[in-house]
Amino acid sequence: MDFTGKVALVTGSSRGIGREVVMKLASLGCDVVVHYCHNEKKGHEVVQEIKCRFGREALLIQGDVGIVDDVVRMVDEVIQHYGRLDILVNNAGISIDQEFLEKDANTFCKVLDVNLLGPFLLCQKFAPYLIECGGVVVNVGSTYGIDTGYVQSMDYDASKAGLISLTHNLAHFFAPSVRVNMVAPGWVDTDMNCDMDPLFRKSEEDHILLSRFARASEVASVIVFLASDMASY
């Protein structure tokens with residue numbers, strides 16, 4: 001795979017799956033946009049590692065993907081810096097687990113804003129540039145949006161189910177110039193799951209055929225494949 005001359009934005013790329021994606025893309029010749037919402041220090045560390053290890057251009061941007069003004073600013077920063085966008089990976093996501101009767105509307109809506117509204121806004125605002133480049137969109141979903149779920153994370157589950165529908169519709173809108181796909185992993189070893197109860201984790205691993213959570217790098221490999229010309233159909 002060769003991404004020389006291409007530019008990729010990966011949301012939520014200061015850590016976890018997103019970090020692994022920008023690292024893999026940079027190692028294959030891609031110039032990247034590293035995005036974070038809160039952890040500026042981690043974002044800078046990723047940018048510096050990319051420049052030092054791979055000698056690629058890396059732009060750091062901040063923003064809440066669930067806020068329209070932030071997304072508009074992010075788009076402006078990317079286009080002013082690179083003048084194009086070939087690959088958009090909508091990876092940023094949050095989960096706020098609470099008991100059903102304790103979950104309020106603000107919490108529910110915040111999860112949907114980041115996980116569902118964010119990908120919609122980014123695809124909409126970047127649409128002219130993606131179409132011009134014949135680009136690629138990869139959305140990061142979850143098995144929670146398909147057939148697994150927990151009441152405590154019903155807002156997360158709903159957002160990922162909605163992202164499946166959004167992906168279908170975006171694929172129709174952008175066809176045939178822009179490919180739109182989704183990766184829907186199960187449990188992944190990331191910071192989001194670092195405080196998980198050991199007994200609960202063990203019970204979940206017992207239901208996984210490989211008896212372990214996925215590594216972030218393994219999921220990133222699938223995303224990078226879908227972003228590449230090897231997945232041209």
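Note that the structure is predicted; figures quoted are calculated from it, not measured.
- Looking at L130 and L85, their side chains come closer than 4.5 Å, going by heavy atoms from C-beta outward.
- Between R84 and D31 there is no salt bridge, since no side-chain N of the basic residue sits under 4.0 Å from a carboxylate O of the acidic one.
- Under the 4.5 Å side-chain contact rule for hydrophobic residues, L166 and I94 share a cluster.
- When only modelled atom types and interatomic distance are considered, S232 and D229 share no side-chain donor-acceptor pair under 3.5 Å.
- With contacts defined as side-chain heavy-atom distances shorter than 4.5 Å, the pair D70/R73 qualifies.
- The backbone N or O of R215 sits nowhere less than 3.5 Å from a side-chain atom of D189 that would complete a donor-acceptor pair.
- Taking both residues in full, the closest heavy atoms of G66 and L117 are given as O-CD2, 3.7 Å, listed atom of the first, atom of the second, then distance.
- Using a 4.5 Å heavy-atom cutoff, the side chains of D86 and F3 are not in contact.
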Side-chain atoms of residues 118-125: list all donor-acceptor pairs with protein atoms under 3.5 Å, sequence neighbours left out, distances to 0.1 Å.
none

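- The shortest distance between side-chain heavy atoms of V136 and L226 does not fall below 4.5 Å.
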Side chains of residues 20-30: which donor-acceptor partners sit under 3.5 Å, not counting sequence neighbours?
{"from": "K24", "atom 1": "NZ", "to": "S221", "atom 2": "OG", "distance (Å)": "3.3"}
{"from": "S27", "atom 1": "OG", "to": "K24", "atom 2": "O", "distance (Å)": "2.7"}

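- Under the 4.5 Å side-chain heavy-atom criterion for Ile, Leu, Val, Met, Phe, Trp and Tyr, F225 and V183 are members of the same hydrophobic cluster.
- Taken together through direct or relayed side-chain contacts under 4.5 Å among Ile, Leu, Val, Met, Phe, Trp and Tyr, M74 and V7 form part of one hydrophobic cluster.
- V138 and A227 get closest at one heavy-atom pair: CG2-N, 4.3 Å.
- Between L9 and F126 the shortest side-chain heavy-atom distance falls below 4.5 Å.
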Test side-chain contact (heavy atoms from CB on, under 4.5 Å) on H81 and E57 and set out the steps. CA-CA 10 Å; H81 189 84; E57 178 69 17; 2.8 Å; yes
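- Minimum heavy-atom separation, G12 to A92: N-CB, 3.8 Å.
- For D69, the CG atom sits in a loose shell: 12 or fewer heavy atoms of surrounding residues, nucleotides or ligands are nearer than 6.0 Å.
- The structure places CG of L116 at 11.5 Å from SG of C109, a figure rounded to the nearest 0.5 Å.
- Nearest heavy-atom pair, D97 versus S95, reported as atom, atom and distance to 0.1 Å: OD1-OG, 3.0 Å.
- L163 is not listed as a side-chain neighbour of N90, based on a closest heavy-atom distance of 4.5 Å or more.
- Cluster membership for L60 and V72, using ILVMFWY side-chain heavy atoms within less than 4.5 angstrom, is not shared.
- With hydrogens and angles left out, the side-chain atoms of N39 and S14 include no donor and acceptor closer than 3.5 Å.
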Apply side-chain contact (heavy atoms from CB on, under 4.5 Å) to residues V114 and D64 and explain how you reach the verdict. CA-CA 7 Å; V114 174; D64 185 329; 4.0 Å; yes
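- Relative orientation of the Y150 and W187 rings is tilted, given thresholds of 30° and 60° on the angle between their planes.
- Going from atom CG of N115 over to atom OH of Y144 covers 13.5 Å, rounded to the nearest 0.5 Å.
- For T11 (side chain) and N91 (main-chain N/O), a donor-acceptor pair under 3.5 Å exists by modelled atom type.
- Here the straight-line distance linking atom CD of E77 with atom CD1 of I61 works out to 6.0 Å at 0.5 Å rounding.
- Remark: the backbone N or O of H35 is paired with a side-chain donor or acceptor of S13 at under 3.5 angstrom.
- Enclosure of atom NE2 in H168 is not indicated, since only 12 or fewer non-hydrogen atoms of other residues, nucleotides or ligands lie within 6.0 angstrom.
- Of the possible donor and acceptor atoms, one in the side chain of K160 sits under 3.5 Å from a partner among the backbone N and O of V140.
- Put simply, CG on L88 and SG on C133 are 12.0 Å apart, with the number rounded to the nearest 0.5 Å.
- Across all non-hydrogen atoms, the minimal contact from V219 to A214 is CG2-CB, 4.2 Å.
- Between the side chain of N139 and the backbone N or O of M182, no donor-acceptor pair lies under 3.5 Å.
- The neighbour count for Y129 OH, taken as heavy atoms of other residues, nucleotides or ligands under 6.0 Å away, does not exceed 12.
- Atom CD of E49 sits about 6.5 Å away from atom CZ of F54, to the nearest 0.5 Å.
- Within a 6.0 Å sphere centred on NZ of K103, heavy atoms belonging to other residues, nucleotides or ligands number more than 12.
- When hydrophobic clusters are built by joining Ile, Leu, Val, Met, Phe, Trp and Tyr residues whose side-chain heavy atoms come closer than 4.5 Å, directly or via intermediates, L59 is not grouped with V47.
- Here the side chain of Q152 pairs no donor or acceptor atom with the backbone of E99 at under 3.5 angstrom.
- You'll find the side chain of M1 reaches within 4.5 Å of the side chain of M230, heavy atoms only.
- Between the Y82 side chain and the V32 main chain, a donor and an acceptor come within less than 3.5 Å of each other.
- The distance from atom CZ of F108 to atom CD of Q98, rounded to the nearest 0.5 Å, is 11.5 Å.
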